[in-house]
Amino acid sequence: MGTLSLSDYEDVRIWAPWGHISGRWYGNRTERPILAIHGWLDNLGTFDTLIPLLPDYLGVLCIDLPGHGCSSRLPPGMHYSVADYVLIIARVMKEYKWPKVSLMGHSLGGVLSYIYTALAPHTVDMVIALDILLPPMESPRLLSMWSTFLDKHLVEEERSEQGEMHEPPSYTLSQLRSVLSKGTFESVPQESAHHLLYRSVSKSLLYPERYYFSKDGRVKYYVIFPMNPGLAAELARRIKRKPYLVIKGSNSFFINSTSKEVISILRSQNPHFEYHEVSGAHHVHLTNPEEVDKYIVPFLRHHRPPPVASWSLVSDDAALSKKERRRAQERFFSRNLKRLSKL
């Protein structure tokens, strides 16, 4: 068995009442894939460096959330929210008639995976959460942020209306890389920015060699899921005996002391819960995929193993050492000699 290839994919469009959800289905398209969901303001390109390290017996369907990447925007006057984004998982499952789903999410995608798994645990067979577990806890700071979102959302609506008549501000690619990197607090270094830019910018029709951001500006002011310690703990109690892998970036603050109780609950009632920390910031899966892959691949092989028909004695994982092979041959010949002696 080998690994997935970034060039082996099928672009998909999943119908939605407001338009469509865009995605890329990498690798095996005959089996139910892993559903990979990106973080806030990102797109499916966030998985570009991780995909080529994953085993090829499983496909991976990466999607752009509404308002992000190449997916349709919500209609004018609507507001993006975490609660509505959770429903996207169920919508994708309905489209492909999956009885269960395997989830891999980064940041917002990991939050959606956690909430959905707690609400519908019977439909989830495993979860991989990349540098996230919970949405932000309710706090005075969070309330202040929500209050500023109200006015800013209305301003963004006006900009969107004007954008239909006037092209948004445009930038050179170098400027775009810098803007994107600063927006992630350098979690995405400039040299990695292209993985996210190719699905989030459009070429300017007015200025050659310049581009503008094409995602829906309203997603910057989405409604965050209101979370408190009691609710977080109750959600965790609903996730029992469910393969759940959490990988934290060592320099990231997204998994902090507010997650301790939930981690303790998941660990105490779930023998399939794993928690690991690797070197990197919030986008550790993009910037340090080799270290992240060291935990993901064994997790996948254990909880979604390849079908028996794909096993091969010559594959890297099943290959016997020379000594083991010799012992197997000796046992084989010994059994056959015994059978011959009885003839």
Report task. Mind running side chain to side chain contact (heavy atoms under 4.5 Å, CB included) on Leu65 and Leu112 for me, showing each step along the way? Result -> CA-CA 11 Å; Leu65 290 171; Leu112 303 181; 4.1 Å; yes

Report summary line: Partner of Asp64 under salt bridge (Lys or Arg N to Asp or Glu O under 4.0 Å), picked from Lys215, Arg13, Arg199, is Arg199

Query raised in the report: For residues Ser279 and Glu291, is any side-chain donor paired with an opposing acceptor at under 3.5 Å?
Result: no

Query raised in the report: Are Arg73 and Tyr80 close enough that some pair of their side-chain heavy atoms sits under 4.5 Å apart?
Result: yes

Query raised in the report: Taking the side chain as C-beta and beyond, is there a heavy-atom pair between Ile21 and Glu95 under 4.5 Å?
Result: no

Report summary line: Phe273 meets the ring pair (Phe, Tyr, Trp, His ring centres under 6.0 Å) criterion, sequence neighbours left out, with none

Report task. Step through the shown structure and confirm whether more than 12 heavy atoms of other residues, nucleotides or ligands are within 6.0 Å of NZ on Lys203. Result -> yes

Query raised in the report: Under 3.5 Å, is there a donor-acceptor pair between the side chain of Asn28 and the main chain of Tyr57?
Result: yes

Query raised in the report: Is the shortest side-chain N to carboxylate O distance from Lys248 to Asp131 below 4.0 Å?
Result: no

Query - Lys240 atom NZ: more than 12 heavy-atom contacts under 6.0 Å - result: no

Query raised in the report: Does Trp40 reach the main-chain N or O of Val219 with its side chain, forming a donor-acceptor pair under 3.5 Å?
Result: yes

Query raised in the report: Just wondering, are more than 12 heavy atoms of other shown residues or ligands nearer than 6.0 Å to CD in Glu209?
Result: no

Query raised in the report: Can you name the one residue among Glu274, His272, His303, Met104 that meets side chain to side chain contact (heavy atoms under 4.5 Å, CB included) with Leu245?
Result: Glu274

Requested in this report: Answer yes or no: are there more than 12 heavy-atom neighbours, outside Met137 itself, under 6.0 Å from its atom CE?
Outcome: yes

Query raised in the report: Can you find a pair of side-chain heavy atoms, one from Tyr275 and one from Ile255, that are under 4.5 Å apart?
Result: yes

Query raised in the report: How about Ile51 and Tyr9: do any of their side-chain heavy atoms sit closer than 4.5 Å?
Result: no

Report task. Would you please say whether a donor-acceptor pair under 3.5 Å links the side chains of Ser174 and Thr172? Result -> no

Report summary line: Residue pairs passing the ring pair (Phe, Tyr, Trp, His ring centres under 6.0 Å) test with at least one member in residues 102-141, sequence neighbours excluded, are His106-His282, His106-His283, His106-His285

**Report entry** Donor-acceptor under 3.5 Å (Lys242 side chain, Pro121 main chain)
**Finding:** yes

Query raised in the report: Considering residues, nucleotides and ligands other than Tyr207, do more than 12 of their heavy atoms fall under 6.0 Å from its OH?
Result: no

Query raised in the report: For Val188, does its backbone N or O pair with a side-chain atom of Ser181 as donor and acceptor, under 3.5 Å?
Result: yes

Requested in this report: Indicate yes or no: at least one non-hydrogen side-chain atom of Ser252 is less than 4.5 angstrom from one of Val284.
Outcome: no

Query raised in the report: Between Ser187 and Ala281, is there a donor-acceptor pair closer than 3.5 Å when you use the side chain of the first and the backbone of the second?
Result: no

Query raised in the report: Would you say Leu130 and Ile296 make side-chain contact, with heavy atoms under 4.5 Å?
Result: yes

